[in-house]
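Below you'll find the structure, written out as structure tokens, and then a few comments.
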Amino acid sequence: MTGLAIAAHGLRKSYGDRTVLDGVDLTVPEGTVFSLLGPNGAGKTTVVKILSTLITADAGDLRVGGHDLTTDPRAVRAAIGVTGQFSAVDGLITGEENMLLMADLHHLPKREGRRVAAELLERFDLVEAAKKPASTYSGGMKRRLDIAMTLVGDPRIIFLDEPTTGLDPRSRHNMWQIIRGLVADGVTVFLTTQYLEEADELAHRIAVLHDGTIAAEGTAEELKRIVPGGHVRLRFTDPAGYRSAASALREATGDDESLTLRVPSDGSQRELRAVLDRLDSAGVEADELTVHTPDLDDVFFALTGGAAVPAQPKEAVR
Ligand SMILES: Nc1ncnc2c1ncn2[C@@H]1O[C@H](COP(=O)(O)OP(=O)(O)OP(=O)(O)O)[C@@H](O)[C@H]1O
Ligand SMILES: [Mg+2]
């Protein structure tokens, strides 16, 4: 083994004349969480489907679990588990029956299948719901059942395509705990997400997919260092005050609609005081002042072409 769970070089895929992946390179060391970020339609699901053998690439040197995807897809399939973007749960049968079906697909002997199903239902807090049709489950329960089903074959590498999209903050945190538990057991996790804070929380390494290639890759800290996103945000309720402040703070970028100014700043007390002093001299007072340190949103917007978008207050999910 190379110590790499996943290694892709020069991965290409087109649909008709639309090139979705135009030479993607990525490597994921064993036992780590790798997060693939990208706007809608960037090709995240396409990458997951290719690496999990569901569709074939047009080109690329691709290895998963030490096996070549082109010559040995069966060995790859035996090493991985996939939880797709859209649930694989059958709503007409119960959670337990879904689990037993997976056990059958993995050719587990009946007793063993029942044991594994019971253990996973317990682990994912689905014992009470186990005898109810899955169509009656909440989104979070369905997602947990999805992952439980993925784990039936005891895969060493799992692909999770947007595992928390549509979940409320509590269910999202539960899912994060589940993912951390998998990693603690030595499982390698390949995760796609729309949530930058999710990648920040979970991933050892993060890659941003944009325009068919990896626009940036690194740890969350490394990625934050590549963009200067730090600023002070000033909000006004009075348009006249907003205009006076804008002329006092020449380097600020403004949003006339929401009456907010964004002043580049390193967040230090010294720079903050300088901003306040200039507002004082101009005789204006902001109705709200927030200090914003660079985060993955800044990286994401800078790399995917939305740098001019003023930062919005974050959803409080942490
Ligand atoms: N079977 C297909 N036939 C034609 N085009 C496709 C097919 N599957 C995906 N595409 C196109 O490939 C591009 C990438 O799609 P993909 O689903 O991989 O994006 P994504 O990053 O997962 O997006 P999302 O965040 O919305 O899930 C899109 O433009 C999509 O329309
Ligand atoms: Mg997708």
Side-chain angles (χ1 to χ4, degrees), residues 6 8-28 33-60 62 64 69-70 73 76 80-89 139-140 142-144 146-147 149-150 157-168 171-172 175-176 179 188-203 205-218 220 223 296-306 309 312 314-315 317:
I6 301 169
H9 296 287
L11 169 56
R12 296 177 168 280
K13 178 77 182 177
S14 302
Y15 288 109
D17 54 10
R18 165 135 172 60
T19 303
V20 179
L21 304 173
D22 193 11
V24 168
D25 298 324
L26 52 88
T27 53
V28 183
V33 180
F34 180 90
S35 178
L36 189 63
L37 286 172
N40 287 132
K44 301 178 298 297
T45 296
T46 305
V47 171
V48 167
K49 283 186 174 165
I50 290 170
L51 294 178
S52 59
T53 78
L54 296 174
I55 59 174
T56 55
D58 297 338
L62 312 172
V64 174
L69 262 175
T70 321
V76 171
I80 65 167
V82 193
T83 303
Q85 183 168 1
F86 303 102
S87 177
V89 169
K142 258 186 213 145
R143 235 34 199 141
R144 293 207 301 277
D146 246 325
I147 296 203
M149 285 161 66
T150 302
I157 303 170
I158 70 168
F159 293 88
L160 302 173
D161 195 1
E162 298 197 21
T164 66
T165 297
L167 298 189
D168 68 23
S171 305
R172 180 170 304 151
M175 194 56 75
W176 290 355
I179 294 170
T188 305
V189 177
F190 186 102
L191 169 87
T192 77
T193 180
Q194 300 278 351
Y195 302 107
L196 299 123
E197 68 271 41
E198 181 160 296
D200 208 350
E201 281 283 332
L202 295 174
R205 297 191 76 76
I206 299 168
V208 181
L209 186 61
H210 183 58
D211 271 349
T213 58
I214 302 293
E217 204 246 310
L223 291 180
L296 281 179
D297 281 346
D298 298 303
V299 178
F300 191 72
F301 286 129
L303 293 172
T304 61
V309 177
Q312 298 300 314
K314 300 285 141 46
E315 201 191 337
V317 295

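Remember, it's 1-based here, ligands and their atoms both numbered in the order they're listed.
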Atom 24 (P) of ligand 1 protein-contacted, heavy-atom criterion under 4.0 angstrom:
yes

Give me the nearest non-hydrogen protein atom to atom 13 (C) of ligand 1 as residue plus atom name, then the distance to 0.1 Å.
Gly41 O, 3.6 Å

Can you tell me if Arg143 uses its side chain to pair, donor with acceptor, with the backbone of Thr164 under 3.5 Å?
no

Among the protein atoms near the Mg ion (ligand 2), how many are N, O or S and lie under 2.8 Å away?
2

Could you tell me whether the side chain of Thr165 reaches within less than 4.5 Å of the side chain of Tyr195, counting heavy atoms only?
yes

Here the atoms of ligand 1 under 4.0 Å from any heavy atom belonging to Glu162 are 24 (P), 25 (O), 27 (O)

In terms of residue, atom name and distance, what is the protein heavy atom nearest to atom 19 (O) of ligand 1?
Gly43 N, 3.2 Å

NZ (Lys13) with more than 12 external heavy atoms under 6.0 Å
yes

For ligand 1 and Ala42, I'd like to know whether there is a polar contact (N/O to N/O, distance under 3.5 Å).
yes

So is there a nitrogen or oxygen of Val20 less than 3.5 Å from a nitrogen or oxygen in ligand 1?
no

Does any non-hydrogen side-chain atom of Ile80 lie less than 4.5 Å from one of Phe190?
no

Compare every heavy atom of Ser52 with every heavy atom of Val82, then report the nearest pair and how far apart it is.
CG2-CB, 3.4 Å

Straight-line distance of Leu160 CG to Leu36 CG, nearest 0.5 Å:
12.5 Å

Heavy-atom contact under 4.0 Å between Gly38 and ligand 1?
no

Distance-only, no hydrogens or angles: does the Lys44 side chain make a donor-acceptor pair with backbone N or O of Gly38 under 3.5 Å?
yes

Spatial distance of atom CD (Glu197) from atom CZ (Arg172) [nearest 0.5 Å]:
6.5 Å

Give me the nearest non-hydrogen protein atom to atom 3 (N) of ligand 1 as residue plus atom name, then the distance to 0.1 Å.
Tyr15 CD2, 3.4 Å

Leu37: which of Leu191, Leu196, Thr192 passes side chain to side chain contact (heavy atoms under 4.5 Å, CB included):
Leu196

Which residue and atom name correspond to the protein heavy atom nearest atom 16 (P) of ligand 1, and how close is it?
Thr46 OG1, 3.7 Å

Counting from 1, what ligand 1 atoms have a heavy atom of Arg18 closer than 4.0 Å?
13 (C), 28 (C), 29 (O)

Determine whether Phe159 and Leu54 make a side-chain contact, defined as any pair of heavy atoms from C-beta on separated by less than 4.5 Å.
no

If you measure from each heavy atom of Lys49 to ligand 1, is any distance below 4.0 Å?
no

Check against side chain to side chain donor-acceptor pair (under 3.5 Å), Thr45 and Asp161
CA-CA 7 Å; Thr45 296; Asp161 195 1; 2.7 Å; yes

Among Ile214, Leu11, Asp58, side chain to side chain contact (heavy atoms under 4.5 Å, CB included) partner for Leu21:
Leu11

Ranking Asn40, Thr45, Leu36 by closest non-hydrogen atom to atom 22 (O) of ligand 1, top hit is Thr45

